[in-house]
Q: 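Questions regarding the structure given below will be posed in turn.
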Amino acid sequence: MRPQVLTIAGSDSGGGAGIQADLKTFQELGAFGTSVLTAITAQNTLGVHGIEAISPEMITRQIDAVANDFQITACKTGMLVDAERIEAVAAALERHRFQHVVVDPVMAAKGGASLLQDSAVEALRTKLLPYATVVTPNIPEAEVLAGIKIRTEADQMKAAQLIRALGVDVVIIKGGHMEGVKAVDLIVSESEVFQVSAPRVRTKDTHGTGCTFSAALTAELAYGKTLRQAVADAKQFIHQAITHGLSIGQGHGPTNHWGHRLAKEEVVTVDVMYETSAR
């Protein structure tokens, strides 16, 4: 039976990020995707031209409708707009207790437009993250969540520990904003610390990378894979999506959600830095 998964996020009218990217990713990985809209954006590869939030009551009704009918194994969150909507999502997650909850702490669009009000960061840290199994910030998002600047691998490790202290089981700090020939992500849990890396791809077609990676991770966890295998497979998926760009639009183009069909070679490496014998 195919796993049933849920995304709680905003709509991207340009189709490269948000709900659209999540559902495309779920479909490519063979999971049945359900969705809860938190906001509608007028958006394309050039930027975000308007945002209209869905009411917290309607967000709650959507989550309850899905959770009360489908057997949701894993859920992910994306754009949540503000504190009021974050609190509504957190309350629903407390009620339904999905096995896996992946929080992609979306704060800004690729073009720089804010997708999360500054006043909502504390709600994200204190209300939502305690219900998260995994959180997947990029470097700028991790700096906000941890409250420190990240310039080195040591900074990444310190930030991951600070974020874990907020109640998250697993922290994945994505390394796309760091320098180097490889994009290296740091994964920290109670039982293991490891890195996954892939060759860096020089391209402007990176719209929706965070959404796509977290959606792929959600689907892989729903299949029952170990954390290490799920992260490696999600990293492979997003690497191929970036590598085989579509060259669509005039700005930051979308990733190619069927890129994994075009190249099967494994390019992701896993470097285990720490693990307990009880793992």
Q: Might you point out which heavy atoms bring I59 and V36 nearest each other, and give the distance in Å?
A: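 Distance-wise, the nearest heavy atoms are O-CG1, 3.9 Å.
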Q: Would you say S35 and Q62 make side-chain contact, with heavy atoms under 4.5 Å?
A: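 They are not in contact (no side-chain heavy atoms under 4.5 Å apart), so the answer is no.
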Q: I54 and I40: side chain to side chain contact (heavy atoms under 4.5 Å, CB included), yes or no, with the steps?
A: CA-CA 7 Å; I54 305 298; I40 300 168; 4.3 Å; yes
Q: Would you check if the side chain of T41 reaches a backbone N or O of S11 as a donor-acceptor pair within less than 3.5 Å?
A: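 Side chain of T41 to backbone of S11: a pair is present.
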Q: When you measure from the side chain of R85 to the backbone of M79, do you find a donor-acceptor pair of N or O atoms at a distance under 3.5 Å?
A: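 Not a single qualifying donor-acceptor pair exists.
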Q: Going from OG1 on T38 to CD1 on I63, what distance comes out if it is rounded to the nearest 0.5 angstrom?
A: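 With rounding to 0.5 Å, OG1 (T38) is 9.5 Å from CD1 (I63).
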Q: Looking at E143 and R151, is any side-chain nitrogen of the basic one under 4.0 Å from a carboxylate oxygen of the acidic one?
A: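 Yes, charged N to carboxylate O under 4.0 Å.
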Q: Does R164 use its side chain to pair, donor to acceptor, with the backbone of V170 at less than 3.5 Å?
A: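 Side chain of R164 to backbone of V170: no pair is present.
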Q: Quick one: closest heavy-atom pair of E190 and Y274, and the distance?
A: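 Shortest heavy-atom contact: O-CE2, 4.0 Å.
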Q: Any chance CD of Q161 has more than 12 other-residue heavy atoms, nucleotides or ligands included, within less than 6.0 Å?
A: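 Yes, because the 6.0 Å sphere around CD of Q161 holds more than 12 heavy atoms from other groups.
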Q: Between K174 and T209, is any pair of side-chain heavy atoms under 4.5 Å apart?
A: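 No, their side chains stay 4.5 Å or more apart.
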Q: Is there a path from V102 to L186 through hydrophobic residues (I, L, V, M, F, W, Y) whose side chains come within less than 4.5 Å of each other?
A: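 As far as the 4.5 Å side-chain criterion goes, L186 and V102 are not connected within one cluster.
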Q: Looking only at atom types and distance, does a side-chain atom of E141 sit under 3.5 Å from a main-chain N or O of N138, one as donor and one as acceptor?
A: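 Yes; at least one donor-acceptor contact below 3.5 Å.
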Q: Which heavy-atom pair separates A160 from V171 by the least distance, and what is that distance?
A: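 Taking every non-hydrogen atom into account, O-CG2, 3.7 Å.
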Q: Can you check whether I139 reaches M178 side chain to side chain, under 4.5 Å on heavy atoms?
A: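 Of all side-chain heavy-atom pairs linking M178 with I139, at least one is under 4.5 Å.
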Q: Under a 4.5 Å cut-off applied to non-hydrogen side-chain atoms, are Q236 and E220 in contact?
A: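 The answer is no, as the side chains (C-beta and beyond) never meet within the 4.5 Å cut-off.
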Q: For residues V134 and L221, determine if any side-chain heavy atom of one lies less than 4.5 Å from a side-chain heavy atom of the other.
A: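 Yes; the side chains approach each other to less than 4.5 Å.
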Q: Could you list all the salt bridge (Lys or Arg N to Asp or Glu O under 4.0 Å) pairs where at least one residue sits in residues 232-257, not counting sequence neighbours?
A: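 As it turns out, the salt bridge (Lys or Arg N to Asp or Glu O under 4.0 Å) pairs with a partner in residues 232-257, which skip direct neighbours, are D185-K235, K225-D233.
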Q: Hey, are the side chains of F194 and L227 touching, using non-hydrogen atoms and a 4.5 Å cut-off?
A: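 With C-beta onward as the side chain, the pair touches.
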Q: Between the side chain of T255 and the main-chain N/O of T206, is any donor-acceptor distance below 3.5 Å?
A: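 It does not hold such a pair.
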Q: Are V193 and V184 connected in a single hydrophobic cluster, I mean Ile/Leu/Val/Met/Phe/Trp/Tyr linked by side-chain heavy atoms less than 4.5 Å apart?
A: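 No, V184 does not connect to V193 through the hydrophobic network.
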Q: Within a radius of less than 6.0 Å around CD of Q4, do more than 12 heavy atoms belonging to other residues, nucleotides or ligands occur?
A: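 Buried by this count: over 12 neighbours within 6.0 Å.
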Q: Identify the heavy atoms of Q20 and G10 that sit nearest to each other, and give their distance.
A: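 Closest pair (atom of Q20, atom of G10, distance): OE1-O, 4.4 Å.
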Q: Could you give all pairs that pass the salt bridge (Lys or Arg N to Asp or Glu O under 4.0 Å) test and reach residues 56-79, with sequence neighbours left out?
A: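 Passing the test, one end in residues 56-79: D22-K76, D64-R95.
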Q: Membership question, hydrophobic clusters at under 4.5 Å side-chain separation (ILVMFWY): are F26 and L37 in the same one?
A: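 They do share one cluster, since a chain of ILVMFWY contacts under 4.5 Å joins L37 to F26.
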Q: Rounded to the nearest 0.5 Å, what separation is found between the CG atom of D155 and the NZ atom of K149?
A: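 Here the interatomic distance stands at 11.0 Å.
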Q: Please report the interatomic distance CZ(F237) to CD1(I242), rounded to the nearest 0.5 Å.
A: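 Between F237 CZ and I242 CD1, I get 11.0 Å after rounding to 0.5 Å.
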Q: How about V101 and L128: do any of their side-chain heavy atoms sit closer than 4.5 Å?
A: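 They are not in side-chain contact.
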Q: Work out which heavy atom in G16 is nearest to a heavy atom in A21; give both atom names and the distance.
A: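 The answer is O-CB, 3.3 Å.
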Q: Parallel, tilted or perpendicular for F32 and F70, by the 30°/60° rule?
A: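 Ring orientation of F32 relative to F70: parallel.
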Q: Are L166 and V144 connected, step by step, through hydrophobic side chains (Ile, Leu, Val, Met, Phe, Trp, Tyr) whose heavy atoms are closer than 4.5 Å?
A: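 Per the 4.5 Å side-chain linkage, L166 and V144 are co-clustered.
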Q: Please report the interatomic distance CG(D104) to CD1(I172), rounded to the nearest 0.5 Å.
A: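 With rounding to 0.5 Å, CG (D104) is 10.5 Å from CD1 (I172).
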Q: Output the distance between atom OG (S13) and atom CD1 (I19), rounded to the nearest 0.5 Å.
A: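 So the gap between those two atoms works out to 13.5 Å.
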Q: Check whether any side-chain heavy atom of H244 sits under 4.5 Å from a side-chain heavy atom of N256, and report yes or no.
A: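 Side chain of H244 against side chain of N256, heavy atoms only: contact under 4.5 Å found.
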Q: Q43 and V48: side chain to side chain contact (heavy atoms under 4.5 Å, CB included), yes or no, with the steps?
A: CA-CA 4 Å; Q43 188 173 174; V48 178; 3.7 Å; yes
Q: Can you see whether S191 engages T276 through a side-chain donor-acceptor pair at a distance of less than 3.5 angstrom?
A: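 Absent: no donor and acceptor within the cut-off.
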Q: Give me the atom names and distance for the closest heavy-atom approach of F98 to C75.
A: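 Closest heavy-atom pair between F98 and C75: CD1-CB, 3.7 Å.
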Q: Please report the C-alpha distance between K182 and T269 in whole Å, then the side-chain angles of each, then the deciding distance to 0.1 Å, and finally whether the side chain to side chain contact (heavy atoms under 4.5 Å, CB included) criterion is met.
A: CA-CA 10 Å; K182 290 190 173 184; T269 59; 4.2 Å; yes
Q: Looking only at atom types and distance, does a side-chain atom of Y131 sit under 3.5 Å from a main-chain N or O of V89, one as donor and one as acceptor?
A: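 Checking the backbone N and O of V89 against the side chain of Y131, no donor-acceptor pair under 3.5 Å is found.
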Q: If hydrophobic clusters are built by linking Ile, Leu, Val, Met, Phe, Trp and Tyr wherever their side-chain heavy atoms come under 4.5 Å apart, do L29 and V231 end up in the same one?
A: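 L29 and V231: separate clusters.
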Q: Can you tell me how far apart OG1 (T152) and CE (M157) are? Round to the nearest 0.5 Å.
A: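 Reported to 0.5 Å precision, the distance equals 10.5 Å.
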Q: When you look at V5 and Y223, which way does the side chain to side chain contact (heavy atoms under 4.5 Å, CB included) test go after all the steps?
A: CA-CA 10 Å; V5 294; Y223 275 107; over 6 Å; no
